[in-house]
**Student:** 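I have a structure I would like to understand better, so I am pasting it below and will then ask my questions one at a time.
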Amino acid sequence: MKEGLPIEEALPRLKAALAAGPNAVLVAPPGAGKTTRVPLALLGETWLGDKTIVVLEPRRLAARAAARRMAAGLGEDVGETVGYRVHLDSKVGPKTRIEVVTEGVLTRRMLGDPELAQVGAILFDEFHERSLNADLGLALALETQGALRDDLRILVMSATINGAAVARLLGNAPVIESEGRAFPVETRYLGDVTLQEIENATVSAIRRALAEEGGSVLAFLPGEREIRRVADRLGEVSATVHPLYGALSAREQDEAIRPAAPGTRKVVLATSIAETSLTIEGVRVVVDAGFARVSRFDPRSGMSRLETVRAGRASVDQRRGRAGRTEPGICYRLWSEAAHRALLPALPPEILVADLAPLALDLAVWGAADPASLAWLDAPPQAATTQARTLLEQLGALDRDGRITRHGRRMAELPLHPRLSHMVLAGAEQGSGGRACEVAALLSERDVLTAQARDPDLRRRLDALNGSSDPHAHRGRIAEARQAAQAWKRRIKAAKDDAAMSVGALVALAYPGRVAQRRGGQGQYRLVNGRGAALAPEDPLSREPYLAIADLDDAGRDARVFLAAAIDRAEIESLFADRIETTEDVVWDERAEAVTAARRVKLGALVLDETKSETGGAEARAAAMLAGIRLMGLDCLPWTPGLRTFQARNRFLHRLDPSWPDFSDEALLAGLETWLGPFLGSSSRRAHLARIDLAAALSARLDWAQQKKLESLAPTHLDVPSGSRIALDYDVDPPVLAVKLQEMFGQVETPTVGGGKVPVVVHLLSPAGRPLQVTQDLGNFWRSGYAAVRAELRGRYPRHPWPEDPLTAPPTRRTKARM
DNA sequence: CTCTCCCT
């Protein structure tokens, strides 16, 4: 049955390559048969001797299936020549020469036995998926080969990856290519559709496919939400509609992938789960919305969030291929050919976007403190590596110098995320190992409640795990979680009866940065790391003053809480005794408009206790007062009109000469500490500001020489010919002299300020005080403007002098009679 | 309008 496979033709070349050198790359599309054929073909090679072949698969399902198919090919049972080893399940025997393992299994084995003395070859299958563990496994295998085992064969098998890059990493290993076996698929580009439009567009495309083509339809959507809505809107169609995504039970998934009954058609609405993991029989048409939902880890917050992005080209081609498994097919793409050219060849590999804490722990056990000492296709990014090592140090897995500790080694032996390993070990030390294993199972396996429960409470899940009946309990997953918890309890030899620690306290051991305190509105919390988080306000959990949050989505202003448990104050104090600080904070209380001092007991950003106090150093109180002035604005200071004029005169001089001190509001606010600070005295509330000597404070901004020059450069008043002293207005630029026209008789030169540099703007006023003329050139006004003004006003103000020649008339502020 | 997929 294997003889017809396209891979057969490539096997002789592959064997020759591995006989000649230690490494090779095999590029073969899906359906070529490489997974089953290649390991069996290598079994008789002389370089292998009596050693074994390890085949790496990215999924448990695939590992078991591959072992089964190979064993069947030999006419044997699994566990004889061919065996498998996956998490919590293995079938290997003394005769086993081919061991199919999932990726974590290989890493764990290499950490315990770096030499891999019994292994002759490692085959990395589906390497194009670039899973974190495959990248790590390859890096470790390359180091083992280089340092200890030059006879170890490494074969990278890949469907679509650029073989050249891997070949280079493998020391310029030969690349062997094989034909695939698939039917042609016609691609129809339906034009660009935005993320918001994909649901409607998918509905139309599916209807069109059902009308124009035969066979079943497989549509790719980013997630469960879109799948549900498309299913709703599809309404009555000539086919049965089946959702397909990871959170469904095995039974529901089987239902979706079963071939349609004879004479009927199906429409399967799937996430990327149907891209590689599951094959659906009878699909002739693929409708691809072109998006993928991916998890992205943010090293700054230490949290992940889901993002919906354009799928990569490799991935949409893989989706299209699903239409050509058994006969020629059609693929509708909800984008244009131009948009297709702009797609990324592939989305970034996991190692570039994932939480690297597990990787960093494994590397520390391996002895590679610096990831750069290993060979990578893409090196682990610096920011995520640093965050991971900081976390591991906090958890006690690394010492100050970044070396693995005893605790760290024990953590790495458990098949859990380092946070959960730490929780299990630290919980066990406090007599709660059993419950810690149960919580670890709840947090690492799939949710034991169905999605309909919409309840983030972990305690309810623990109860369900321990047998209490719950309408939303998922029996299959409860069994899985129990099995995992049992396995870990045996591993750490947990005592039977323990429940000393609450679920919340255990969660806090794993996620110390995610202890949260209720704040402000209903359902709103603040995390130790300062981030906001939110629960639905009607959620009973939101009555709790403190939570320990295990899972949340780091999107938006407040992260949404998916899994949490209550934790009480006493537990927080005993867990974090060494991180709780008492500080004396002196701050401005905006409502009271006063400085307040408080003793605060803090855990990170959380204020556990606050007591008002009258203490606080003078300096801190002054700083808080100044902060208050900044908030209230300069108007809270005891300004007088004279002081505002003083400010305006100085602003005028600063405009003229930038080396003159700046008295603008902005500059004054910015420099409060320097100029106002020394004059604050013991002011600690708004009312106290009235007694500040603002004049002295402002004057002190000028040095002695400037104070002397101020009066001559920017006088407050000018003497005019009538003998009056008229105030200048410095709020405008240039400054304005507003004076009755008659008081200026005889003055030809425009008065100046700024040491003669700036002629003032003269506003010549009528006897009633209304401006008649605005001029910066008095002489010109007398010559050319005065006559008209005189003609117009002589009649209206007969009691005032309107001489024919204003230059010789005596200036006066009086009427003719008073003169 | 609460989450893609996978693994020790």
Side-chain angles (χ1 to χ4, degrees), chain A residues 56-63 85-90 101-112 126 129-137 199 220-229 232 244-248 253 270-278 289 291-297 303-309 311 315 318 347 349-350 353-355 357-359 361-362 365 411-418 420-421 440-441 444-447 449-456 484 487-488 491 523 533-536 539 551-556 558-564:
Chain A
L56 212 62
E57 288 295 327
R59 277 168 291 281
R60 294 182 215 169
L61 197 76
R85 219 184 270 273
V86 302
H87 180 53
L88 302 178
D89 183 17
S90 72
V101 304
T102 38
E103 291 162 341
V105 172
L106 177 75
T107 310
R108 224 107 312 268
R109 180 188 292 183
M110 291 191 76
L111 292 181
E126 313 282 6
E129 294 188 14
R130 295 293 310 280
S131 77
L132 187 52
N133 277 321
D135 275 8
L136 173 60
E199 290 161 19
F220 284 97
L221 288 158
E224 180 180 342
R225 192 176 55 213
E226 292 85 355
I227 287 173
R228 287 228 184 101
R229 286 197 289 219
D232 282 348
L244 177 58
Y245 45 87
L248 292 176
Q253 291 189 1
T271 60
S272 53
I273 192 171
E275 203 173 296
T276 50
S277 313
L278 302 166
F291 287 87
R293 193 156 284 147
V294 292
S295 171
R296 181 174 287 275
F297 181 74
M303 299 182 219
S304 295
R305 63 173 171 271
L306 284 179
E307 284 178 358
T308 309
V309 298
S315 158
Q318 181 82 25
L347 293 184
E350 198 180 357
V353 295
D355 175 7
L359 179 91
L361 182 61
D362 290 342
V365 172
M411 279 167 62
E413 283 165 11
L414 287 169
L416 287 166
H417 188 282
L420 301 180
S421 305
S444 59
E445 301 293 306
R446 291 196 300 167
D447 197 346
L449 296 186
T450 60
Q452 288 88 334
R454 289 185 184 266
D455 183 349
W488 301 327
R491 192 98 147 230
L535 281 172
D539 195 306
D551 191 15
L552 70 179
D553 185 341
D554 186 23
D558 282 334
R560 282 171 311 222
V561 176
F562 296 133
L563 280 178

**Student:** Using a cut-off of 4.0 Å on non-hydrogen atoms, how would the nucleic acid contact of A/Leu132 be classed: base, sugar-phosphate, or nothing?
**Tutor:** nothing
**Student:** If each of A/Leu306 and A/Leu414 is mapped to the nucleotide of DNA chain B with the nearest heavy atom, which maps nearer the 5' terminus, i.e. the 5' end?
**Tutor:** A/Leu306
**Student:** Look at the side chain of A/Phe562 and decide which nucleotide, out of B/dC3, B/dC5, B/dT8, has an atom nearest to it.
**Tutor:** B/dC3
**Student:** From CG of A/Asp558 over to P of B/dT2, roughly how many Å is that when rounded to an integer?
**Tutor:** 14 Å
**Student:** Round to a whole Å and report the spacing from CG of A/Asp135 to P of B/dC6.
**Tutor:** 18 Å
**Student:** Would you mind classifying the nucleic acid contact of A/Arg225 as base, sugar-phosphate or nothing, using non-hydrogen atoms under 4.0 angstrom?
**Tutor:** sugar-phosphate
**Student:** To the nearest 0.5 Å, tell me how far A/Asp447 CG sits from A/Leu563 CG.
**Tutor:** 6.0 Å
**Student:** Is any N or O donor-acceptor pair between the side chain of A/Asp447 and the base of B/dC3 shorter than 3.5 Å?
**Tutor:** no
**Student:** Distance check: side-chain N/O of A/Arg229 vs OP1/OP2 of B/dC1, anything under 4.0 Å?
**Tutor:** no
**Student:** Whole angstroms only, please: what is the CG-P distance between A/Leu111 and B/dT8?
**Tutor:** 14 Å
**Student:** Of the nucleotides B/dC3, B/dT4, B/dC7, which has the atom closest to the A/Arg59 side chain?
**Tutor:** B/dC7
**Student:** If I compare all heavy atoms of A/Asp553 with all of A/Phe562, which pair ends up nearest, and what's the gap?
**Tutor:** CB-CE1, 3.3 Å
**Student:** So what does A/Glu129 hit on the nucleic acid, given a heavy-atom distance under 4.0 Å: a base, only sugar-phosphate, or nothing?
**Tutor:** nothing
**Student:** Just verifying a value: how many Å separate A/Glu199 CD and A/Leu221 CG, rounded to the nearest 0.5 Å?
**Tutor:** 7.5 Å
**Student:** A/Arg108 near the nucleic acid: base, sugar-phosphate alone, or nothing, with a heavy-atom cut-off under 4.0 Å?
**Tutor:** base
**Student:** Taking any heavy-atom pair under 4.0 Å as a contact, classify A/Thr107: base, sugar-phosphate, or nothing.
**Tutor:** nothing
**Student:** Between atom CG in A/Leu416 and atom C1' in B/dT8, what is the gap in whole Å?
**Tutor:** 8 Å
**Student:** With sugar-phosphate meaning primed atoms plus P, OP1 and OP2, does A/Ser131 contact a base, only sugar-phosphate, or nothing at under 4.0 Å between heavy atoms?
**Tutor:** nothing
**Student:** To the nearest Å, how far apart are A/Tyr245 OH and B/dC3 P?
**Tutor:** 12 Å
**Student:** Output the rounded distance in Å from CD (A/Glu126) to C1' (B/dC5).
**Tutor:** 14 Å
**Student:** Atom CG of A/Leu535 to atom P of B/dC1: distance rounded to whole Å?
**Tutor:** 15 Å
**Student:** Does A/Thr271 have a side-chain nitrogen or oxygen under 4.0 Å from the phosphate oxygens OP1 or OP2 of B/dC5?
**Tutor:** yes
**Student:** To the side chain of A/Val105, which of B/dT4, B/dC7, B/dT8 is closest?
**Tutor:** B/dT8
**Student:** Which pair of non-hydrogen atoms, one from A/Phe297 and one from A/Ser304, has the smallest distance, and what is that distance?
**Tutor:** CD1-OG, 3.5 Å
**Student:** Under the salt bridge (charged side-chain N to carboxylate O under 4.0 Å, His left out) criterion, do A/Arg59 and A/Glu57 qualify, and how do the steps go?
**Tutor:** CA-CA 6 Å; A/Arg59 277 168 291 281; A/Glu57 288 295 327; over 6 Å; no
**Student:** Return the minimal non-hydrogen interatomic distance between A/Leu416 and A/Ser421, and the atom names on each side.
**Tutor:** O-OG, 3.4 Å
**Student:** Please report, rounded to the nearest Å, how far the C1' atom of B/dC5 is from the CG atom of A/Asp355.
**Tutor:** 16 Å
**Student:** B/dT8, OP1 or OP2 - any side-chain N/O from A/Arg60 closer than 4.0 Å?
**Tutor:** yes
